[in-house]
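Structure first, commentary second.
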There are 2 protein chains.
Amino acid sequence: MAWSKDHKQQSREKIIAAAARLFTHHGFDGVNIDQVMAEAGMTRGAFYSHFKSKSELYSEAMKHAASRRFRYAQENPQDPESALNIGKLVSGYLSDMHLHTESSGCPLAFLVTDVAQQDDAIRETYTRLFSGMAEQVQGASKAKRDQVLQNMVMMIGGVAIARALADEGLQQEVLSAVKNSLRTE
Amino acid sequence: MAWSKDHKQQSREKIIAAAARLFTHHGFDGVNIDQVMAEAGMTRGAFYSHFKSKSELYSEAMKHAASRRFRYAQENPQDPESALNIGKLVSGYLSDMHLHTESSGCPLAFLVTDVAQQDDAIRETYTRLFSGMAEQVQGASKAKRDQVLQNMVMMIGGVAIARALADEGLQQEVLSAVKNSLRTE
DNA sequence: GTCTATAGGTGGATAGAC
DNA sequence: GTCTATCCACCTATAGAC
């Protein structure tokens, strides 16, 4: 039984990891269950013994993608070097590597308007991830609430806009403007 | 012939206006051509004598939605009261009316991650609209390039994020933080 | 230019064998 | 739990009548 439980858990995690990568790049309607299951090494029929719908998978995929990106800061909020870690997190967030990542990008940025069009459960998941990140940043930086929200809007908005732009020079201008705004506070 | 040309032009504009409203609310994959044509008072078959594809319509709809929102500022860049008009544009942009509009919202905010998943022609349309708006704001406000881009990221990002959030209190906090950031410069 | 009808393809969800 | 097979609904694009 332990083995079978482990096996089911492993399958579930493979599916979620594949979904996180695919959904953050192509959005809810841009991904189908065949693609997710093929990337997880299974076929479509197996999907419904793990999730009750595509929508439920999407929520789990967002949580997975967000926790991968923010894991260290979340697990070590009172690390004495948290300021440094926040700095690393920010520059990684605004990097070309994040913008052009082949694994899962931050769902708060990559899926912001995609989420606005989905059902309530999905929007509530997005809201919890956003709130959680705001609390982490606030705890680690001791900045005021308004400033935390402003920085998050700049980072999330900057990445989302840069990804939409077809002009690389303009992409860099936007990211650079965002970096400068975070520095001069 | 003049009458027939007018008639075709009117049909085309009805289609684009309907598409602007539907696409900004539901995204590319959330809208089908039947819905657009029904709202324009026609049926599906007529669509392809106006546009060669759904993708082309989406580009036209974005241009239409953007020009509706920014028309005055675009047509009167050197109006002596342009500063006032920019102020009105900003507070309208960050208002609940814009967030919950039933007509077309700003495509730069409402469609930012939707566009990132579409073809090059669509991303280039988005890029031109973004650049055009940046130049208008820069011309009217005489602010530095970095500051113009920062304000645009704050406004577009703020509206996009607020629309994704399921919690009205948090929506208001985000919009309020964005307004405060624009005020103190 | 607009209509009705349909071709041709996709994809979420389920059934039943193993 | 995972597989194959299938149901059924949806949607882009085109054909052909008016």
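Residue numbers begin at 1 in each chain, while the letters A, B, ... track the order of the sequences.
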Q: Among residues two or more places apart or on two chains, list those pairs meeting salt bridge (Lys or Arg N to Asp or Glu O under 4.0 Å) that have a residue in residues 154-173 of chain A.
A: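 Sorted result for residues 154-173 of chain A: A/Glu173-B/Arg145.
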Q. Can you list every salt bridge (Lys or Arg N to Asp or Glu O under 4.0 Å) pair that touches residues 10-23 of chain A, not counting sequence neighbours?
A. A/Arg12-A/Glu60, A/Arg21-A/Glu39
Residues in side chain to side chain contact (heavy atoms under 4.5 Å, CB included) contact with [X], at least two apart in sequence or another chain:
X        : value
B/Ser59  : B/Ile122, B/Thr125
A/Ala65  : A/Ala20, A/Thr24, A/Ser104, A/Pro107
A/Glu124 : A/Asp120, A/Arg128, B/Ala166
A/Ala143 : A/Ser141, A/Gln147, A/Val148

Q: On DNA chain C, reading 5' to 3', which nucleotide is the first and which the last to sit with an atom under 4.0 Å from a heavy atom of chain B, could you check?
A: C/dG1 to C/dT4
Under 3.5 Å, N/O pairs linking protein and nucleotides 7-11 of chain D:
residue, atom, partner, partner atom, Å
D/dC11, OP1, B/Asn32, ND2, 3.2
D/dC11, OP2, B/Asn32, ND2, 3.0

Q. Salt bridge (Lys or Arg N to Asp or Glu O under 4.0 Å) with A/Lys54: which residues, sequence neighbours excluded?
A.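 A/Lys54 satisfies salt bridge (Lys or Arg N to Asp or Glu O under 4.0 Å) with no other residue.
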Q | Results of salt bridge (Lys or Arg N to Asp or Glu O under 4.0 Å) for B/Glu135 - residues two or more places apart only | A | none
Q: Taking only heavy atoms on the protein side, list every residue of residues 12-27 of chain B lying under 4.0 Å from any atom of DNA chain C, sorted numerically.
A: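 Result for residues 12-27 of chain B: none.
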(Q) Show me the pairs that pass ring-ring contact (aromatic ring centres under 6.0 Å, His included) and involve residues 32-56 of chain A, at least two apart or across chains. (A) A/Phe47-A/Phe51
Q) Between D/dT14 and B/Tyr48, is there an OP1 or OP2 to side-chain N/O distance shorter than 4.0 Å? A) no
Q | Rounded distance (nearest 0.5 Å) linking atom CG of B/Leu149 with atom CD1 of A/Ile161 | A | 9.0 Å
